[in-house]
Amino acid sequence: MPLRSNPTLRQRRLGAELRRMREQAELGGSQLARTLGISPGQMTQMEKAKIGVSPERLRTLASACNCVNQPLINALVDMALEREKGWWEKYRGTLTIDFLEVAELENRAKRLTICTTTYVPGLLQTSGYASAVFARIFPPLPPQDIETRTAFRIKRQEVVRSGAIPLQVFIHEAALRMQFGGLKVLVDQLGSLLDDSEQPGISVRVVPFAVDTFPGSGENLTFAEGPVRELDTIQMDVAQGALFFDSPADLAKHRAIFARLDSTALSEEGSRDFIRSVMEDVNRTYA
């Protein structure tokens, strides 16, 4: 079996879950490999997602590890059976791997919850706003790269605009007032955000400046819910790209953060009123 040169995010997650299952059972790689009838090297390659795992072998592995979490095992089997390539794969070699992995995460999620402090979430950006976000990168990107990244971001939005995956966003007031591309671009973006907030399956909640030290400040976070809680994922935007976290401790921490955000942010209707007030402030400045 040829080794995968570039395992996808999902393939790596499957391998990581197999390793986590083995470690929780306090089994060594060589010990489990003997039980499965494979070499220690194959066991390592499986956990690193360099090779795949059949549903039968996965269930044997789970039994050997005394895992009785059947919903998790079934979800892992579904991941092992995935063969269809996502639309984002056609951008491989054109965009960096971070772009592809974020799209993959979003498309495989059951529900998305996002918190942003510096800009409107990418899944709700207008094309003009998205282009301006990419144009502010330094050193500057070539115009063609900005166009490609913008088109990719707009394509990503189909997953929530279609209603296929519920989306909840918490947006800090700073992100509503931060300019990318000038005041007109911002006004158009705020208007689009209001329209999106009325769409089924999309919830927009604002965290005003008046809130004292809200959780998650300074970070742009996405909580992607998997088919079972154990397969939830956190994605964080950083200057260098995207980071992904899936340890039980990280998941518990961010569930608590988003729970506090839910109790802190304005209601959906209150958020719409707030966005309208920001639009009025910006329009007065623009006029």
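As the structure is a prediction and not an experimental result, all values here were calculated from the model.
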- request: Provide the closest heavy-atom pair for Ile165 versus Glu106 in the form atom of the first, atom of the second, distance.
  value: CD1-O, 3.1 Å
query: Which value, rounded to the nearest 0.5 Å, describes the distance between Leu61 atom CG and Met21 atom CE?
result: 6.5 Å
message: Arg276 vs Glu280, test: salt bridge (charged side-chain N to carboxylate O under 4.0 Å, His left out). Steps then yes/no.
response: CA-CA 6 Å; Arg276 291 188 189 99; Glu280 292 172 359; over 6 Å; no
- request: Could you tell me whether the side chain of Asn220 and the main chain of Thr117 form a donor-acceptor pair under 3.5 Å?
  value: yes
- prompt: If every non-hydrogen atom of Gln240 is compared with every non-hydrogen atom of Asp98, which pair is closest and at what distance?
  reply: O-OD2, 3.6 Å
Whether Glu268 side chain and Ser197 backbone form a donor-acceptor pair below 3.5 Å: no
- prompt: Under 3.5 Å, side chain of Gln168 to main-chain N/O of Ser203, donor-acceptor pair present?
  reply: no
query: What pair of heavy atoms forms the shortest contact from Val278 to Leu176, and how long is it?
result: CG1-O, 4.0 Å
field: Partner set under side chain to side chain donor-acceptor pair (under 3.5 Å) for Glu89, not counting sequence neighbours
entry: Arg92
query: Hey, are Asp188 and Lys184 close enough for a salt bridge, meaning a charged N less than 4.0 Å from a carboxylate O?
result: yes
message: Tell me if the centroids of the rings in Tyr91 and Phe99 come within less than 6.0 Å of each other.
response: no
- prompt: So which residues get pulled into Leu105's cluster when ILVMFWY side chains under 4.5 Å apart are joined, directly or through others?
  reply: Leu9, Val102, Phe244
message: Donor-acceptor check, side chain of Thr148 to backbone of Asp145, threshold 3.5 angstrom: yes or no?
response: no
message: Could you work out, with salt bridge (Lys or Arg N to Asp or Glu O under 4.0 Å) as the rule, every residue matching Arg111, not counting sequence neighbours?
response: Glu225
message: Check Glu173 with Arg177, please: is the shortest side-chain N to carboxylate O separation under 4.0 Å?
response: yes
statement: Heavy-atom closest pair (Tyr119 atom, Ala175 atom, distance to 0.1 Å) is N-CB, 3.5 Å
task: Flag the pair Glu101 and Arg12 as a salt bridge only when some basic side-chain nitrogen lies within less than 4.0 angstrom of an acidic carboxylate oxygen.
output: yes
- request: Evaluate the side chain to side chain donor-acceptor pair (under 3.5 Å) criterion for residues Gln199 and Asp195: first the C-alpha distance (whole Å), next the side-chain angles of each, then the deciding distance (0.1 Å), finally the verdict.
  value: CA-CA 7 Å; Gln199 299 304 308; Asp195 291 341; over 6 Å; no
query: Can we say Asp250 and Lys253 salt-bridge, meaning some charged N sits less than 4.0 Å from an Asp/Glu carboxylate O?
result: no
- prompt: From Lys50 NZ over to Gln11 CD, what is the distance, rounded to the nearest 0.5 angstrom?
  reply: 10.5 Å
query: Do Trp88 and Lys155 pass the side-chain contact (heavy atoms from CB on, under 4.5 Å) test, and can you show the C-alpha distance, the side-chain angles, and the key distance before you say yes or no?
result: CA-CA 9 Å; Trp88 52 89; Lys155 176 69 175 176; over 6 Å; no
task: Taking all non-hydrogen atoms of both residues into account, name the closest pair between Met43 and Ala33 and its distance.
output: CB-CB, 4.0 Å
message: Check whether Glu17 reaches the backbone of Ile73 with its side chain - one donor and one acceptor, N or O, closer than 3.5 Å.
response: no
- request: Only counting residues at least two apart or in another chain, list the ones meeting salt bridge (Lys or Arg N to Asp or Glu O under 4.0 Å) with Asp262.
  value: Arg205
- prompt: Which one of Leu193, Ile275, Asp273 satisfies the side chain to side chain contact (heavy atoms under 4.5 Å, CB included) criterion with Val206?
  reply: Ile275
- request: Check the angle between the aromatic planes of Phe180 and Tyr129 and answer parallel, tilted or perpendicular using the 30° and 60° thresholds.
  value: perpendicular
- prompt: Between Arg229 and Asp232, is there a side-chain N and carboxylate O pair less than 4.0 Å apart?
  reply: no
query: Transitively linked via ILVMFWY side-chain contacts under 4.5 Å: Ile51 with Leu81?
result: yes
message: Could you walk me through whether Thr35 and Gln31 satisfy the side chain to side chain donor-acceptor pair (under 3.5 Å) test, starting with their C-alpha distance in whole Å, then the side-chain angles of each, then the deciding distance to 0.1 Å, before giving a yes or no?
response: CA-CA 7 Å; Thr35 301; Gln31 183 180 1; over 6 Å; no
query: Do Arg10 side-chain atoms and Pro7 backbone N/O form a donor-acceptor pair below 3.5 Å?
result: no
task: Show the numbers, then the answer: is there a side-chain contact (heavy atoms from CB on, under 4.5 Å) between Glu198 and Val204?
output: CA-CA 9 Å; Glu198 300 276 9; Val204 177; over 6 Å; no
message: Give me the atom names and distance for the closest heavy-atom approach of Val228 to Leu72.
response: CG2-CD1, 4.0 Å
- line: Across all chains, not counting sequence neighbours, the side chain to side chain donor-acceptor pair (under 3.5 Å) partners of Asn69 are Glu230
task: Indicate yes or no for a side-chain donor-acceptor contact from Ser63 to the backbone of Arg59 under 3.5 Å, with no hydrogens or angles considered.
output: no
message: Using side-chain contact (heavy atoms from CB on, under 4.5 Å), reason through Thr113 and Leu261 one step at a time and then give a plain yes or no.
response: CA-CA 11 Å; Thr113 305; Leu261 277 169; over 6 Å; no
message: Let's go through Val169 and Thr116 carefully: what are the C-alpha distance in whole Å and the side-chain angles of both, what is the deciding distance for side-chain contact (heavy atoms from CB on, under 4.5 Å) to 0.1 Å, and is it a yes or a no?
response: CA-CA 8 Å; Val169 299; Thr116 60; over 6 Å; no
Atom pairs and distances, donor-acceptor, side-chain atoms in residues 131-142, under 3.5 Å, two or more places apart:
unit_1: Ser131; atom_1: OG; unit_2: Ser127; atom_2: O; d: 3.0
unit_1: Ser131; atom_1: OG; unit_2: Thr150; atom_2: OG1; d: 3.0
unit_1: Arg136; atom_1: NH1; unit_2: Val133; atom_2: O; d: 2.8

- prompt: So, are Glu269 and Arg272 salt-bridged, with charged N and O less than 4.0 Å apart?
  reply: yes
